[in-house]
Amino acid sequence: MSEQSVLNATDLARYYTINTGAFSATLTLKALDGASFQLERGKTLAVVGESGCGKSTLARLVTMIEEPTSGSMIIGEHDIASATANIRSQLRPKVQIVFQDPYGSLNPRQRVGAALEEPLLVNTNLSRAERRDKAMSMMLSVGLRPEHYDRYPHMFSGGQRQRIAIARALMLEPEILVLDEPVSALDLSIQAQVLNLLTELQQRLNLAYLFISHDLSVVRHIADEVMVMYLGRPVEHGSAEKVFSNPEHPYTKALLSATPIADPTRISRRTVLKGEMPSPVDPPAGCPFHPRCPNVLDKCGSQRPQLKQLTSGVAISCHLFDQ
Ligand code: SF4
C-alpha cells in the first residue's frame, strides 16, 4: 500500500441471494465479483461500464452502506469487511458520496444552510456559530454566495444544486469522495463547470475520488486511472492515459468507439455490440462477454479468463492476451 493510498480493496465481492418461490431453488446474483483497487490522495479512479456492471454496488461498499460478501477493504488500519459496527461508524465520515440527482439527495423543505450544517450537528460538538461559519466558508469554496444560505433547494439551478450536494459531502472533511454519475443529469456546459470545481477541490483538499460513470467522454476529463467493469468483474484496469490511447480489451474498445471524439481529423470506427448485457443471475459460461465479443475464440465459451498484468502496466481479463 503506497503512502498516498487511503483505501486498498482486494478481491472485493458482493453477492445477493434471490428467492424465486417456496418450491424453487434460491439463486445467487454476483453483483460484484473480485474487484481489487487502491484510492490515492489527490487522484481519481474512474469505474466505467454499462448499467448492471457492478459499479453502483462498488459505490455502496466503499461508502459502507453495505458490507462485502468476501474480500478486504482497508481504510487506515482497519479492514471494513471484518470491522465492528463501532469502527465502521468512526470511519464513515472519511468517505462521503455525491449522487447523480442533487434534487433527490437534498431535503426540499430544508434551507441550504441547515442542510450543510446537519452533518456537523450530528457528528461534532461545534457551536451553532461555528457550524454557520463552516457552512458559509464551504458555500464560498463551491461557488455559492452568502445570500444562498437561507434559500431552499428548488430556488437553484441543477448545477447549483450539485454544488450544494458537493459542499454537504465535504462538511465532515472526508478523505474519499465517491462521485456516482455526478454530472450525468446536467447540461453539457454545466457539466464542465462542475468537473472543473471537482478538480479544483481535489487539488486543494488532496481528496481521493472514486468516479462512477457510464460516460467515457466525462471520465476522460477527470480520471487518473480507469477500471472498466463487465457483469460484476473488472475487465481492464490501468492508467487513464494508456486505457484511452490504446484500449486493449474488446469491451473497452467497443465502449470507446461509441464515445464522440472532439478531433475532426480522427476517423472513428464504431464497434456495435451485439445484444444486451446478460443477466448477472445467470451469466454466460467462460468469458461473460463472449456472446457479444467481436473477437471471440473457441475457448472463450468454456474457459473464464483471469485478470493479468501486461508489460504496459494495464491489467486485462481476456484470452487474446494469454501468450
Ligand atoms: Fe472476447 Fe474471448 Fe477476450 Fe472474452 S476472452 S473478451 S470473448 S476474446
Side-chain angles (χ1 to χ4, degrees), residues 9-15 27-37 45-58 70-71 211-220 223 225-261 266-323:
T10 308
D11 276 336
L12 215 51
R14 181 72 171 106
Y15 301 165
L27 300 173
T28 302
L29 187 157
K30 295 185 175 179
L32 186 72
D33 193 16
S36 300
F37 58 91
L45 168 66
V47 179
V48 297
E50 295 165 285
S51 172
C53 72
K55 53 192 194 303
S56 296
T57 304
L58 187 58
S70 62
F211 193 98
I212 306 236
S213 180
H214 68 284
D215 187 344
L216 284 163
S217 55
V218 167
V219 164
R220 199 186 279 267
E225 207 179 309
V226 179
M227 184 160 77
V228 182
M229 306 268 302
Y230 189 79
L231 225 55
R233 288 182 151 243
V235 295
E236 181 157 2
H237 183 180
S239 74
E241 191 200 340
K242 287 194 172 129
V243 172
F244 281 112
S245 63
N246 185 28
E248 304 273 19
H249 195 281
Y251 180 58
T252 314
K253 285 183 180 175
L255 283 184
L256 271 172
S257 76
T259 306
I261 306 172
R266 281 180 58 192
I267 299 165
S268 144
R269 271 191 205 87
R270 181 160 184 188
T271 308
V272 180
L273 288 176
K274 298 176 280 181
E276 300 283 314
M277 168 105 68
S279 164
V281 176
D282 185 22
C287 171
F289 186 56
H290 85 262
R292 307 171 76 191
C293 181
N295 307 93
V296 63
L297 309 170
D298 286 345
K299 61 181 171 182
C300 298
S302 57
Q303 294 174 31
R304 178 159 226 162
Q306 299 303 313
L307 199 68
K308 48 194 163 285
Q309 199 89 18
L310 305 185
T311 47
S312 63
V314 174
I316 297 279
S317 168
C318 176
H319 289 308
L320 293 174
F321 300 86
D322 279 354
Q323 271 79 44

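Order of appearance sets the numbers: ligands from 1, and atoms from 1 within every ligand.
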Inset, instruction - With heavy atoms of F289 as the reference, note each atom of ligand 1 found under 4.0 Å away. - result: 6 (S)
Legend entry - Flag, side chain of T252 to backbone of E248, donor-acceptor distance under 3.5 Å: no
Legend entry - Those atoms of ligand 1 less than 4.0 Å from some heavy atom in P250: 6 (S)
Legend entry - Closest protein heavy atom (residue, atom, distance) for atom 5 (S) of ligand 1: H319 N, 3.2 Å
Inset, instruction - Taking T10 for its side chain and S36 for its backbone only, find out whether a donor-acceptor pair lies under 3.5 Å. - result: no
Legend entry - Heavy-atom check, side chain of C53 versus side chain of M277, under 4.5 Å: yes
Legend entry - H319 backbone acceptor or donor facing K299 side chain under 3.5 Å: no
Inset, instruction - Considering heavy atoms of the protein only, find what lies nearest to atom 4 (Fe) of ligand 1 and give residue, atom and distance to 0.1 Å. - result: C287 SG, 2.4 Å
Inset, instruction - Closest by any non-hydrogen atom to atom 7 (S) of ligand 1: pick that one out of Q303, K253, H290. - result: H290
Legend entry - For H249, atoms of ligand 1 separated by under 4.0 Å from a heavy atom: 6 (S)
Legend entry - Under 4.0 Å to a heavy atom of C300 - the qualifying atoms of ligand 1, by number: 2 (Fe), 5 (S), 7 (S), 8 (S)
Legend entry - Part of C318 within contact of ligand 1 (heavy atoms, under 4.0 Å): both
Legend entry - H290 side-chain N/O to A285 backbone N/O, donor-acceptor pair under 3.5 Å: yes
Legend entry - Contact atoms of ligand 1, heavy-atom distance to C293 under 4.0 Å: 1 (Fe), 6 (S), 7 (S), 8 (S)
Legend entry - Straight-line distance of Y251 OH to M229 CE, nearest 0.5 Å: 10.0 Å
Inset, instruction - Could you tell me how the ring of F289 sits relative to the ring of H249: parallel (under 30°), tilted (30 to 60°) or perpendicular (over 60°)? - result: tilted
